[in-house]
Undergrad: 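I'd like to ask some things about the structure below.
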Amino acid sequence: MLDWKKKLLDVNLRLKEMSTRTPDTIKGATLLAGAGAKTGHLEAKMRELIALAVAVTTRCDGCIAAHSAEAVKLGATDDEIAEALGVAINLNAGAALVYSTHVLDAVDSLRHA
């Protein structure tokens, strides 16, 4: 298993380094990250649960570390986190199912070309 605290520290150190090399990229990403919070439609904990599900589907360990830390800080329960992860698992399986139809289409198209 990963040391998630170390992973979070390592990612933050490298992001700090990136901010010196390409500050506008980091500023843009930070602006984008905070944009959803400004609408007030979802509470912060809900946004973090969504972020965890997305982090799983995109297989981003740094995202998992950051959003897990924030979800814990905001009081997300293990059951809430598990439910969010269940959505991610379902979506990944669903996406694979739907994209399988693309393969069938491609094969049919190539066979009859």
Side-chain angles (χ1 to χ4, degrees):
M1 290 301 239
L2 282 174
D3 179 341
W4 292 102
K5 288 181 182 179
K6 183 174 179 347
K7 180 69 170 179
L8 187 55
L9 289 172
D10 290 346
V11 167
N12 285 336
L13 278 173
R14 297 305 271 186
L15 288 176
K16 191 178 277 190
E17 177 187 340
M18 271 191 70
S19 72
T20 65
R21 295 172 186 256
T22 178
D24 287 343
T25 299
I26 300 301
K27 286 177 191 172
T30 302
L31 181 65
L32 187 59
K38 291 183 178 181
T39 66
H41 300 300
L42 296 175
E43 63 182 67
K45 183 172 75 170
M46 180 64 68
R47 282 192 311 279
E48 291 305 322
L49 292 170
I50 292 168
L52 284 173
V54 173
V56 167
T57 63
T58 58
R59 296 173 183 93
C60 176
D61 284 341
C63 301
I64 290 169
H67 294 290
S68 291
E70 193 63 22
V72 167
K73 187 172 97 176
L74 292 170
T77 67
D78 290 345
D79 289 340
E80 290 170 327
I81 292 167
E83 188 169 335
L85 298 177
V87 172
I89 291 165
N90 180 42
L91 186 57
N92 266 345
L97 183 63
V98 170
Y99 257 75
S100 293
T101 67
H102 290 207
V103 172
L104 297 176
D105 286 344
V107 169
D108 283 349
S109 176
L110 293 169
R111 279 199 177 127
H112 303 299

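For clarity, every value in this text was computed on a predicted model and none was experimentally measured.
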Undergrad: Mind listing the closest non-hydrogen atom pair of Gly36 and Thr39 along with its distance?
TA: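 Scanning both residues, the minimum pair turns out to be O-OG1, 2.9 Å.
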Undergrad: Below 3.5 Å, can you tabulate the donor-acceptor pairs from side chains in residues 89-104 to any protein atom, sequence neighbours excluded?
TA:
| from | atom 1 | to | atom 2 | distance (Å) |
| --- | --- | --- | --- | --- |
| Ser100 | OG | Ala96 | O | 2.7 |
| Thr101 | OG1 | Val98 | O | 2.5 |

Undergrad: Once rounded to the nearest 0.5 Å, what's the spacing between atom CD of Glu17 and atom CD1 of Ile26?
TA: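 Spacing of CD (Glu17) from CD1 (Ile26) equals 10.5 Å.
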Undergrad: Testing the basics here: between Ala69 and Leu8, what is the closest heavy-atom pair and its distance to 0.1 Å?
TA: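 Reported closest heavy-atom pair: CB-CD2, 3.9 Å.
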Undergrad: To the nearest 0.5 Å, tell me how far Cys60 SG sits from Leu52 CG.
TA: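 One finds 11.0 Å between SG of Cys60 and CG of Leu52.
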Undergrad: Are the side chain of Ser19 and the backbone of Lys16 linked by a donor-acceptor contact shorter than 3.5 Å?
TA: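 It does hold such a pair.
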Undergrad: Rounded at 0.5 Å granularity, tell me how far OG1 in Thr22 sits from CG in Asp24.
TA: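 Answer for the OG1-CG pair, Thr22 versus Asp24, is 6.5 Å.
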Undergrad: Which heavy atom of Ala53 sits nearest to which heavy atom of Ala84, and what is that distance?
TA: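 Looks like CB-O, 3.5 Å.
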Undergrad: Which heavy atom in Val11 sits nearest to a heavy atom in Gly62, and how many Å separate them?
TA: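 Nearest pair, atom of Val11 first, then Gly62: CG2-CA, 4.0 Å.
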Undergrad: Going only through I, L, V, M, F, W and Y residues with side-chain contacts under 4.5 Å, is there a path from Ile81 to Val56?
TA: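 Shared cluster, yes.
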Undergrad: Applying salt bridge (charged side-chain N to carboxylate O under 4.0 Å, His left out) as the test, list every pair that has at least one member in residues 53-74; sequence neighbours left out.
TA: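 For residues 53-74: Glu70-Lys73.
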Undergrad: Donor-acceptor pair, distance only, cut-off 3.5 Å: does the side chain of Ser68 make one with the backbone of Ala65?
TA: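 No; zero donor-acceptor contacts below 3.5 Å.
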Undergrad: For residues 76-89, which residue pairs qualify under salt bridge (charged side-chain N to carboxylate O under 4.0 Å, His left out), counting only residues two or more places apart or in two chains?
TA: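 Only Lys45-Glu80 qualify under salt bridge (charged side-chain N to carboxylate O under 4.0 Å, His left out).
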Undergrad: Are Met46 and Val87 connected in the hydrophobic side-chain network, where two residues link if heavy atoms are under 4.5 Å apart?
TA: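 No.
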Undergrad: Provide the closest heavy-atom pair for Arg47 versus Ala37 in the form atom of the first, atom of the second, distance.
TA: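 Looking at all heavy atoms of both residues, the closest pair is NH2-CB, 3.4 Å.
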Undergrad: Can you tell me how far the CG atom of Leu15 sits from the CG atom of Asp10, to the nearest 0.5 Å?
TA: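 Here the rounded value is 11.0 Å.
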Undergrad: Are the side chains of Leu2 and Ile64 in touch, meaning some heavy atoms are under 4.5 Å apart?
TA: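 No; the side chains remain at least 4.5 Å from each other.
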